[in-house]
There are 2 protein chains.
Amino acid sequence: MSIKTKLLTSAERLFDQHGFMSTSMDQLTKAADMSSRTLYKHAGGKTGLVQAVLTARDKRFMQAIDVQSIDDLFAALQNWTLTEGARGCLFLRAYGEAGGETPEITDAVMAHKAAFHAQIARIVKAELGANHPDLELLTEQILVLIEGSTSAAIYRGTDAITSAHQAATLLIAQTRKDSGI
Amino acid sequence: MSIKTKLLTSAERLFDQHGFMSTSMDQLTKAADMSSRTLYKHAGGKTGLVQAVLTARDKRFMQAIDVQSIDDLFAALQNWTLTEGARGCLFLRAYGEAGGETPEITDAVMAHKAAFHAQIARIVKAELGANHPDLELLTEQILVLIEGSTSAAIYRGTDAITSAHQAATLLIAQTRKDSGI
DNA sequence: ACAGGTGTAAAACGATCGTTTTACACCTGT
DNA sequence: ACAGGTGTAAAACGATCGTTTTACACCTGT
């Protein structure tokens, strides 16, 4: 495990568990087991570190949900929540803590959300066929269900994901039926 | 407008726009146009102020969604977002920033979310009838749709709420149909 | 008339923040 | 052999944090 990987994984853990602004550079250097000089050489500063953590998480999360069906998508989300815990979307949390006032962070968040939306659009298209007229609506609805289960899981547990999955399944089935008429 | 109301409304605005940890007591006293001595007498401290802001917002939000139908619920949410903006659920943001490590804040957040869940359960019950077997599932699904549209609206705009509304309507209609068979 | 409550302005508290600097040590490739 | 890169430990930077204190002023009810 490279020194850079150790920095990113320990920082991600601290940011996720205690919040971005509440985590000090001192805690970050101690958790990464390196000197502040080394941390600053690698990350540039706290904003750069947040940016790097979000970019790494984007890659990891996008890989986790790189599936071909709605069922697999929700299974991947259940698995992610089981291993990572349920503390809400780390990207939206970063955006909220920075108040949208740090362009580097806003950019990283919006880039992730654009990729996230595109991924869902792709899966919905694979599910309904490329010519279905309701692709956009369904994509938006599945996206809302996933964002919602991510938020709701914080206080309702993984049942929120199961319920969202059932809703998604019904929406897809109903949309298939409507187009069949 | 009392001095306490001015403090709570200006603090809510700052916390919402810049984040809780990023907002300093200095900014809060200046926005409330009072001395720090007065602020501390009224709020106790920063944690007390966050707590008071969340409690006040809970009352205001619960009043806004005190409706009798799913349609009115989503209309209320559209209206809320139009006047308040879309920066995510302030309660979950507070919880995330505090890392769940400040009991007073955790309590305020969880109390709100319990009331929020109960409110949705009440509306779903009014919509489907008290004896419908799927009340719990529908409640959880509507809750997920609302949490999701609150999060998604940050980067997808109010369309997310419209899509969630359509999904909720279809889920309710389908659940009615299933029980009719 | 005067006590109690409520307010201001400003200085000060110690603690901590993110960041930089200094002085030094160890590899590694040529 | 030695330069360059990469690392540590520790001190120091000025700025800012949340909070408390001091000294003073104005209402308001009795």
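Proteins come first, then strands; the chains are lettered A, B, ... in the order of their sequence lines, and each starts at number 1.
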Contact class for [X] (heavy atom, under 4.0 Å): base, sugar-phosphate, or nothing?
X: B:Ser35; result: base
X: A:Thr29; result: nothing
X: A:Thr38; result: base
X: B:Thr47; result: nothing

Nearest-nucleotide 5' precedence on DNA chain D, B:Lys46 against A:Leu39: A:Leu39

I'd like to know whether B:Thr47 forms a side chain to side chain donor-acceptor pair (under 3.5 Å) with B:Thr102, so could you lay out the CA-CA distance, the side-chain angles of the two residues, the decisive distance to 0.1 Å, and finally the verdict. CA-CA 8 Å; B:Thr47 300; B:Thr102 317; 5.4 Å; no

Does a sphere of radius 6.0 Å around CZ in B:Arg60 hold more than 12 heavy atoms from other residues, nucleotides or ligands, not counting ones at 6.0 Å or beyond? yes

With both distances under 3.5 Å as the test, what is the Watson-Crick or G-U wobble partner of [N]?
N: C:dA23; value: D:dT8
N: D:dA15; value: C:dT16
N: D:dT28; value: C:dA3

Taking the side chain as C-beta and beyond, is there a heavy-atom pair between A:Val124 and A:Ile70 under 4.5 Å? yes

If you take atom types as modelled and just measure distance, does the side chain of B:Arg37 reach the base of D:dT22 with a donor-acceptor pair under 3.5 Å? yes

Atom pair distance, as rounded to whole Å: [atom1] in [X] and [atom2] in [N]:
X: B:Lys41; N: C:dG4; atom1: NZ; atom2: C1'; answer: 10 Å
X: B:Ile3; N: C:dG5; atom1: CD1; atom2: C1'; answer: 13 Å
X: A:Asp33; N: D:dA9; atom1: CG; atom2: C1'; answer: 13 Å
X: A:Phe20; N: C:dG18; atom1: CZ; atom2: P; answer: 14 Å
X: B:Met21; N: D:dC17; atom1: CE; atom2: C1'; answer: 10 Å
X: B:Leu49; N: D:dC17; atom1: CG; atom2: P; answer: 15 Å
X: B:Asp26; N: C:dA11; atom1: CG; atom2: C1'; answer: 14 Å
X: A:Lys30; N: D:dA10; atom1: NZ; atom2: C1'; answer: 12 Å

Can you tell me which nucleotide in D:dG7, D:dT19, D:dC17 comes closest to the side chain of A:His42? D:dG7

Name the one of B:Lys6, B:Arg57, B:Arg87 that satisfies salt bridge (charged side-chain N to carboxylate O under 4.0 Å, His left out) with B:Glu12? B:Arg57

Testing the 3.5 Å rule here: is there a donor-acceptor pair between the side chains of B:Thr162 and B:Gln78? yes

Return the 5'-most residue of the pair A:Ser36, A:Gln27 with respect to DNA chain C, ranking by each residue's nearest nucleotide. A:Gln27

